[in-house]
Protein chains: 2
Amino acid sequence: MQDALTRKLESFEELTDADRAALRALVPRLRQVPARTDLIQEGDKPENVHLILDGYACRYKVLPDGQRQIMAFFVPGDFCDLNVFILDQMDHAIGTISPCKTVEIPRHAIEDITAHHPRVTRALMWCALVDEAVLREWLVNIGGRQADQRIAHLFCELLLRLEAVGRVTDNSFPFPFTQTDIADTMGLSDVQVSRSLRELRALGLIHLKRRVLTILDVEQLKAYCGFNPNYLHLRNARWSGRRQVPWLSSVRGE
Amino acid sequence: MQDALTRKLESFEELTDADRAALRALVPRLRQVPARTDLIQEGDKPENVHLILDGYACRYKVLPDGQRQIMAFFVPGDFCDLNVFILDQMDHAIGTISPCKTVEIPRHAIEDITAHHPRVTRALMWCALVDEAVLREWLVNIGGRQADQRIAHLFCELLLRLEAVGRVTDNSFPFPFTQTDIADTMGLSDVQVSRSLRELRALGLIHLKRRVLTILDVEQLKAYCGFNPNYLHLRNARWSGRRQVPWLSSVRGE
DNA sequence: CGGTTTATTGAAAACCTTCAAAGGCGGTGG
DNA sequence: CCACCGCCTTTGAAGGTTTTCAATAAACCG
């Protein structure tokens, strides 16, 4: 288990033996969480950092009028709350979409490590920075594109992120989101999501059935929404030469 | 000058003498930058971290079709790119709105310090985390509210952020943004921004003239858009008891 | 298989954008 | 000091996108 974490971080930054030893000293808790369950709620004091090993989760906030806004999706290999664990109080919630296998790492353990292991700190920061770049792109997406293209953009992003962790076969991947989930993510009504999906299907760009999404024409879908993958920062030197992040597949059997 | 930086960070985290000495060893460059000028452009390799001492700047991205999306505003006391300086390549640009007084801190200097001064690192992370919380709230704002309320929310946020650094008097503050700037921030057309401002004026909530914005009724404006300031994390223990961040006023005379 | 959730569709209304024109404001130069 | 120019703002009208409401159909889940 610790091995999984070590490998993920090493794909960003070279670690020393001392760094690795410190990471091994962690006692992470493995959890199986049902679908539609909160990992943390707004107002909670973050005690643990959550790493998703399997399944999908999301970061969201509920407004006083009951409106929900989803601000991030988490796929296998993602830290949910690395970027907020320092804060005294959660200003949003994190919940599962599908059933998830997660790891909890105590907050103090992260703090101890970062206090003494600058390379680990840098690797963790890199993870957080990419998450933030994704968040910025979502703002661009919602602010600047109309419904069909917003959704197309989301599909392109998920395809690349899931490919990076080896969860895509033949341009298909699990898609447990309801149309209401997508609506709350994209600032749309669920009705409009339904219509947009119909449009994307009619254009022959996607196939979505039984919670599996297939991108029928990747290049055309990217062109349709003007997708530019640079914000995912997948092609950096530290990452290059690896088709797939190895630490994930090694975990699956556990 | 270094003093300014030290004090800002100390409002987040207690530093040791060694930490302070390391910060003093920095040789920051003070710059006066004209309005509407890029500090960094998309594709650049980030070499410096920019700190705004005076004026307003923004983080933005331009889509292939010429559409501009503004993703953050920077006010005095804000780091522009603390959260991206690790990345190999900028995936967006940062430019001034008004004339700005800025400080450039070399990237390697930050890296050296964070490698050896965990408390400084934590303080910098805190800054970055609050920036990200603001970004999340912008997503909520654009995704969930309609034009008038979006703009009202932005005004509430700016009021609090500028109050925290002592730049508000009688609920008034400099407002150098054009309506097109606001439009590109909120994912609206400039025409709609104009109409929304008319509405907010008609409701007696704001007064905006000659690039000065006055909030006429703070509580009602907050109620109008359902503003919840918790995401700014201004009331945390480390911050409490200080009406104003002292390090900014000490810089103004320089 | 029955009940519940999720997805689809139509029609009307709300919101926002686009286009176009006019008015205001500030700065510059005569 | 005034006239002019450019940029920014305001307003109207038409059109497009999206939401809302409501009803039906399909998929999912014990």
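In what follows, chains carry the letters A, B, and so on, assigned in the order in which the sequence lines appear, proteins first and then strands, with residues in each chain numbered from 1.
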Cut-off 3.5 Å, no hydrogens considered: what does the side-chain donor-acceptor table look like for residues 172-188 of chain B, sequence neighbours left out?
| unit_1 | atom_1 | unit_2 | atom_2 | d |
| --- | --- | --- | --- | --- |
| B:Ser172 | OG | B:Thr214 | OG1 | 2.7 |
| B:Thr178 | OG1 | B:Thr180 | N | 3.3 |
| B:Thr178 | OG1 | B:Asp181 | N | 3.0 |
| B:Thr178 | OG1 | B:Asp181 | OD2 | 3.3 |
| B:Asp181 | OD1 | B:Arg36 | NH1 | 3.1 |
| B:Asp181 | OD1 | B:Arg68 | NH2 | 2.8 |
| B:Asp181 | OD2 | B:Arg36 | NH1 | 3.1 |
| B:Asp181 | OD2 | B:Arg36 | NH2 | 2.8 |
| B:Asp181 | OD2 | B:Thr178 | N | 2.9 |
| B:Asp184 | OD2 | B:Arg68 | NE | 2.8 |
| B:Asp184 | OD2 | B:Arg68 | NH2 | 3.0 |
| B:Thr185 | OG1 | B:Asp181 | O | 2.7 |

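Contacts between residues 170-181 of chain B and DNA chain D, defined by a heavy-atom separation under 4.0 Å, are made by B:Thr178, B:Gln179.
Residues satisfying the side chain to side chain donor-acceptor pair (under 3.5 Å) test with A:Gln41, not counting sequence neighbours, are A:Asp38. In terms of the salt bridge (charged side-chain N to carboxylate O under 4.0 Å, His left out) criterion, A:Arg211 has no residue partners (sequence neighbours excluded). In this structure A:Ala133 satisfies the side-chain contact (heavy atoms from CB on, under 4.5 Å) test together with A:Arg136, A:His233, B:Asp91, sequence neighbours excluded. Remark: B:Val191 pairs with B:Ser189, B:Arg195 by the side-chain contact (heavy atoms from CB on, under 4.5 Å) rule, at least two apart or across chains. For A:Gln67, the side-chain contact (heavy atoms from CB on, under 4.5 Å) partners are A:Leu63, A:Asp65, not counting sequence neighbours. When the side chain to side chain donor-acceptor pair (under 3.5 Å) test is applied to B:Gln69, no partner is found at least two apart in sequence or on another chain. Applying the side-chain contact (heavy atoms from CB on, under 4.5 Å) test to B:Leu203 and every residue at least two apart in sequence or in another chain returns B:Glu199, B:Leu205, B:Tyr224.
Residue A:Glu137 is tested with A:Arg145, A:Arg150, A:Arg161 for a salt bridge (charged side-chain N to carboxylate O under 4.0 Å, His left out); the sole match is A:Arg145.
Classification of A:Arg31 and A:Glu104 as a salt-bridged pair holds, one side-chain N sitting under 4.0 Å from a carboxylate O. With salt bridges taken as basic N to acidic carboxylate O contacts below 4.0 Å, none links B:Arg59 and B:Asp81.
Nucleotides of DNA chain C with any atom under 4.0 Å from a heavy atom of chain A span, from 5' to 3', C:dT6 to C:dA11.
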Protein-proximity profile, nucleotides 15-30 of chain D, B/S/- by nucleotide at the 4.0 Å heavy-atom cutoff, equals --SSBBB------S--

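For the residue pair A:Arg201 / A:His207, no side-chain donor-acceptor distance below 3.5 Å is found, with atom types taken as modelled.
For the helix from C:dC1-D:dG30 to C:dG30-D:dC1, the axis fitted to the five pairs at one end and the axis fitted to the five pairs at the other end meet at an angle of 50° (nearest 10 degrees).
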